[in-house]
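Since the structure comes first, as structure tokens, the remarks are kept for the end.
As the structure lists them, so they are numbered: ligands from 1, and atoms in each ligand from 1.
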Amino acid sequence: MYTLEDVDTDKLPKHVAVIMDGNGRWAKERGRLRVFGHENGVEAVRRTVENCAKLQIQFLTLYAFSTENWNRPKLEVETLMKLLVASLRKEVKTLNKNNIRLKTIGNIQSLPSKAQKELSEVISKTSKNSGMTLTLALSYGSREEIKSAVKDIASKVKNNIISPENIDETVINTHLYTHFLPDVDLLIRTSGEQRISNFLLWQIAYAELYFNDVFWPDFSEHHLVEAILSYQNRERRFGKTSEQLN
Ligand code: IPE
Ligand code: IPE
Ligand code: MG
């Protein structure tokens, strides 16, 4: 079993993003309702956040609810929103203890008002923390994010705030929900699915992708370290040749 001590702290990914998948199948395997899987997924979130903070990862982004997830059965959506509110309430202390600042990306206005209120409270109560930035992707869809960035930029062009020649990658970056984040270095997806599901399309251009078969509620310190070790054994060439890097 790997532990945090196995990680080379000189070669840490700066930004880790996780598609936390497999709660429903985890519950099904146990003959339980899908929501039971989500309830148990919360513990894996807590574990992962704490372990990343201990490793001094600077940015952790978790895909918690996609724009497409609104199409799930009403009971499931309601339970996920309730779990969100309950966990946020419970976790403020731990976030502060670990010097973690909370942020969100996504269409937050579409969340129930209770969840919005809870989020903005925790965000403000943790805003002075200077350790890891934990970003929750909630009602997040990458295409929607890009669409809204394009709209904002277009309206600035129309009002002569930006000229079309000056639209570069930096301008695009600053109009995305993720403007406060660096590009993703390591993207992890659990549960055996090997797809992106509308997550951070622009931001993962050069991310290292890591997939495993574990259902999210079972994702442990061992699995996190396994993913980071895989990352640390790769050569990131960014288009160059191996020789150029050495
Ligand atoms: C991930 O688990 C959690 C959310 C998408 C909110 P799923 O609920 O997608 O679980 P599976 O993929 O159906 O097993
Ligand atoms: C992606 O998982 C969204 C989250 C983990 C929040 P899904 O389970 O919704 O993705 P698909 O539908 O299987 O691609
Ligand atoms: Mg899923």
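Excluding waters, the count of protein N/O/S atoms less than 2.8 Å from the Mg ion (ligand 3) comes to 1.
How far SG of Cys52 is from CG of Leu60: 4.5 Å, rounded to the nearest 0.5 Å.
The salt bridge (Lys or Arg N to Asp or Glu O under 4.0 Å) analysis of residues 187-216, with sequence neighbours excluded, yields the pairs Asp21-Arg189, Arg25-Glu193, Glu193-Arg195, Glu208-Arg234, Glu208-Arg236. Sorted by first then second residue, the ring pair (Phe, Tyr, Trp, His ring centres under 6.0 Å) pairs that include residues 32-55, not counting sequence neighbours, are Trp26-Phe36.
In this structure, Ile172 and Glu169 have side chains that are not in contact, with every pair of non-hydrogen atoms separated by 4.5 Å or more. Inter-residue side-chain proximity for Lys54 and Glu221 is flagged as unmet; no heavy-atom pair is nearer than 4.5 Å.
In terms of polar-atom proximity, defined here as any N/O pair under 3.5 Å, Trp26 makes no such contact with ligand 1.
Exactly one residue among Ile105, Ile123, Ile108, Leu84 makes a side chain to side chain contact (heavy atoms under 4.5 Å, CB included) with Leu136. That residue is Leu84. When each of Thr133, Thr126, Asn96 is checked for a side-chain hydrogen bond (donor to acceptor under 3.5 Å, both in side chains) with Arg101, only Thr133 meets the rule. Checking Glu76, Glu39, Glu29 one by one against Arg34, the salt bridge (charged side-chain N to carboxylate O under 4.0 Å, His left out) holds for a single residue, Glu76.
Within 4.0 Å of ligand 2, heavy atoms belong to protein residues Ile19, Met20, Asp21, Tyr63, Ala64, Phe65, Asn69, Arg72, Arg189, Arg195, Ser197.
Only the side chain of His38 comes within contact range of ligand 1, with a heavy atom under 4.0 Å; no backbone atom does.
Annotation: Glu235, atom CD; neighbour count of heavy atoms from other residues, nucleotides and ligands within 6.0 Å is above 12.
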Start with the C-alpha distance between Ser142 and Trp202, add both sets of side-chain angles, then the distance that settles side-chain hydrogen bond (donor to acceptor under 3.5 Å, both in side chains), and finish with yes or no. CA-CA 8 Å; Ser142 197; Trp202 168 275; over 6 Å; no
